[in-house]
Amino acid sequence: MNLSILIPLLNEEESLKELYTWIIKVMQEHHYSYEIIFLDDGSSDRSWSIIQGFATENTHVKGIRFMKNFGKSQALHAGFAKAQGDVIITMDADLQDSPEEIPGLYEMITNQNFDLVSGWKKKRYDSVVAKNLPSKLFNWAARKTSGVELNDFNCGLKAYRNIVVKNIEVSGEMHRYIPVLAKNAGFGKIGEKVVQHQARKYGETKFGMERFINGFLDLITIWFLSRFGKRPMHLFGAIGSLMFIIGFLLAGYIGISKLYHMYSDMRYNLVTNNPWFFIALTTMILGTQLFLAGFLGEIILRTKNNEERYKISNEINFS
């Protein structure tokens, strides 16, 4: 199978018919073998019944429906697990991503041997203050932190080699950092393609300004996980040990200093009257706690089990 097209959605009943017709047109024009997987993230409108209608008339259409809204990352995780195509395309359901870009993305994966190609909405039709400027700042920070040179991490239109989606773990709200996850998994050939961005035709965006705040917090998380996620002891243990040694040496100096003054019949103060004693004690306690945090992190990594992060209520056309 050439293509798996994954479409995560939440309450997009107005745009689904137009999007479906457009994708089918592109598939037929280029004679692709394909599957379209709609990922309904707990919609409360008629989205699921519309998807059921598509699946009835076209067996290439498949659907996964969550019991409630679990988030875009969880929807993509479920889709990645089911996708069978040689190339996986992800795109949003709001018609801001153009299906006409699919052949170009497919060609970059199959002929130019990219592992992953991310869309770049160079010319946007969103609000400059509410979306464009925060997005530019976010993308700049993501590039500097991750080392992945992409101009638009947030673009939902991306193409992947099948082996890539089978070897990355998308959780929380990490969907915007899939290129970073792919790089950390060992897939180094990551490209970018300028794609057409269309003004939203129906409804309202499901993401507000808080997504940029969450995005920056997720960026810190993924930086930490990429550096120390497999070996937390390397960070917490090292810092904890250093703090404990500093505190121990400082406390030892205070104790030896008092003994020297006593032995020399010199005036001395009680150790508990010296503020440096409490600083040393606090440093030793914090160092011990950090060391234990790293130790417990190592134990958790070795005993964790992969629990389901979402609940599926319906599936269509999966054998």
Side-chain angles (χ1 to χ4, degrees), residues 1-10 12-39 47 50-51 53-55 57-58 60-63 72 75-76 79-80 83-126 131-132 135 139 150-162 164-165 175-176 178-179 189-203 205-207:
M1 184 185 297
N2 298 135
L3 283 165
S4 292
I5 301 170
L6 308 187
I7 306 173
L9 62 108
L10 175 65
E12 298 286 359
E13 62 178 358
E14 295 173 301
S15 62
L16 285 177
K17 179 62 177 177
E18 186 174 341
L19 176 63
Y20 168 71
T21 303
W22 198 354
I23 292 174
I24 295 299
K25 174 177 172 289
V26 172
M27 296 297 103
Q28 292 175 345
E29 286 177 350
H30 292 82
H31 307 289
Y32 292 133
S33 57
Y34 69 94
E35 63 180 358
I36 304 173
I37 305 178
F38 288 97
L39 306 162
S47 294
I50 294 172
I51 294 168
F54 298 156
E57 69 182 45
N58 185 350
H60 296 294
V61 174
K62 303 176 182 181
K72 186 174 182 179
L76 289 175
F80 288 160
Q84 299 177 25
D86 297 329
V87 176
I88 286 79
I89 303 285
T90 61
M91 61 189 307
D92 294 335
D94 55 11
L95 293 174
Q96 290 190 287
D97 295 333
S98 171
E100 300 292 344
E101 303 288 352
I102 292 175
L105 293 168
Y106 178 78
E107 190 272 338
M108 291 182 72
I109 296 291
T110 56
N111 294 339
Q112 299 181 37
N113 296 318
F114 282 97
D115 295 315
L116 184 157
V117 179
S118 180
W120 174 16
K121 297 175 180 176
K122 195 171 184 178
K123 183 178 180 181
R124 301 181 65 96
Y125 294 94
D126 295 320
K131 279 198 170 183
N132 286 6
S135 182
N139 285 310
L150 294 179
N151 290 284
D152 191 356
F153 283 82
N154 276 319
C155 183
L157 186 58
K158 290 182 172 66
Y160 311 83
R161 196 179 299 279
N162 185 283
V164 175
V165 303
H175 55 273
R176 56 178 66 88
I178 292 178
K189 194 163 184 183
I190 298 173
E192 191 168 45
K193 181 181 184 298
V194 176
V195 297
Q196 180 183 357
H197 180 233
Q198 304 181 126
R200 189 177 180 92
K201 193 171 182 179
Y202 303 105
T205 180
K206 308 299 187 301
F207 302 99

Rounded to the nearest 0.5 Å, what's the gap from [atom1] on [X] to [atom2] on [Y]? Could you check?
X: Glu101; Y: Leu157; atom1: CD; atom2: CG; value: 6.5 Å
X: Glu107; Y: His30; atom1: CD; atom2: NE2; value: 11.0 Å
X: Ile102; Y: Ile23; atom1: CD1; atom2: CD1; value: 5.5 Å
X: Asp92; Y: Leu6; atom1: CG; atom2: CG; value: 11.5 Å
X: Asn2; Y: Ile89; atom1: CG; atom2: CD1; value: 11.0 Å
X: Lys72; Y: Leu10; atom1: NZ; atom2: CG; value: 11.5 Å

task: For side chain to side chain contact (heavy atoms under 4.5 Å, CB included), just list the numbers for Val194 and Asn151, CA-CA rounded to whole Å, side-chain angles, deciding distance to a tenth of an Å, and then say yes or no.
output: CA-CA 10 Å; Val194 176; Asn151 290 284; over 6 Å; no

Close side-chain approach of [X] and [Y], heavy atoms under 4.5 Å:
X: Phe38; Y: Ser47; value: no
X: Cys155; Y: Val195; value: yes
X: Ser4; Y: Val87; value: no
X: Pro8; Y: Leu76; value: yes

query: Going through the distances and angles, do Glu18 and Leu95 end up as a side chain to side chain contact (heavy atoms under 4.5 Å, CB included)?
result: CA-CA 8 Å; Glu18 186 174 341; Leu95 293 174; 3.7 Å; yes

Which residues pass the side chain to side chain donor-acceptor pair (under 3.5 Å) test with [X], sequence neighbours left out?
X: Lys25; value: Glu29
X: Lys62; value: Glu35
X: Gln84; value: none
X: Asn58; value: Tyr20, Tyr34

Residues in side-chain contact (heavy atoms from CB on, under 4.5 Å) contact with [X], at least two apart in sequence or another chain:
X: Asp115; result: Arg161, Val164, Phe187, Lys189
X: Ala93; result: Ile7, Leu9, Glu12, Leu16, Leu19
X: Thr21; result: Lys17
X: Val165; result: Phe80, Ile88, Tyr160

Donor-acceptor pair, side chain of [X] and main chain of [Y], under 3.5 angstrom:
X: Asp152; Y: Lys121; value: yes
X: Asn162; Y: Gly85; value: yes
X: Ser118; Y: Lys158; value: no

field: Stepwise side chain to side chain contact (heavy atoms under 4.5 Å, CB included) check, Trp120 with Leu150
entry: CA-CA 8 Å; Trp120 174 16; Leu150 294 179; over 6 Å; no

field: Heavy-atom closest contact (Met91 atom, Ser98 atom, distance)
entry: CE-C, 4.2 Å

task: Kindly determine whether Ser15 and Asp94 satisfy side chain to side chain donor-acceptor pair (under 3.5 Å), including the steps that lead there.
output: CA-CA 6 Å; Ser15 62; Asp94 55 11; over 6 Å; no

- prompt: Hey, mind stepping through Glu100 and Gln196 against side chain to side chain donor-acceptor pair (under 3.5 Å) and telling me if it holds?
  reply: CA-CA 9 Å; Glu100 300 292 344; Gln196 180 183 357; over 6 Å; no

- prompt: Excluding sequence neighbours, so at least two apart, what forms salt bridge (Lys or Arg N to Asp or Glu O under 4.0 Å) with Glu192?
  reply: none

task: Could you give me the CA-CA distance, side-chain angles and deciding distance for Ile178 and Leu116, then say whether side chain to side chain contact (heavy atoms under 4.5 Å, CB included) is met?
output: CA-CA 9 Å; Ile178 292 178; Leu116 184 157; 4.2 Å; yes

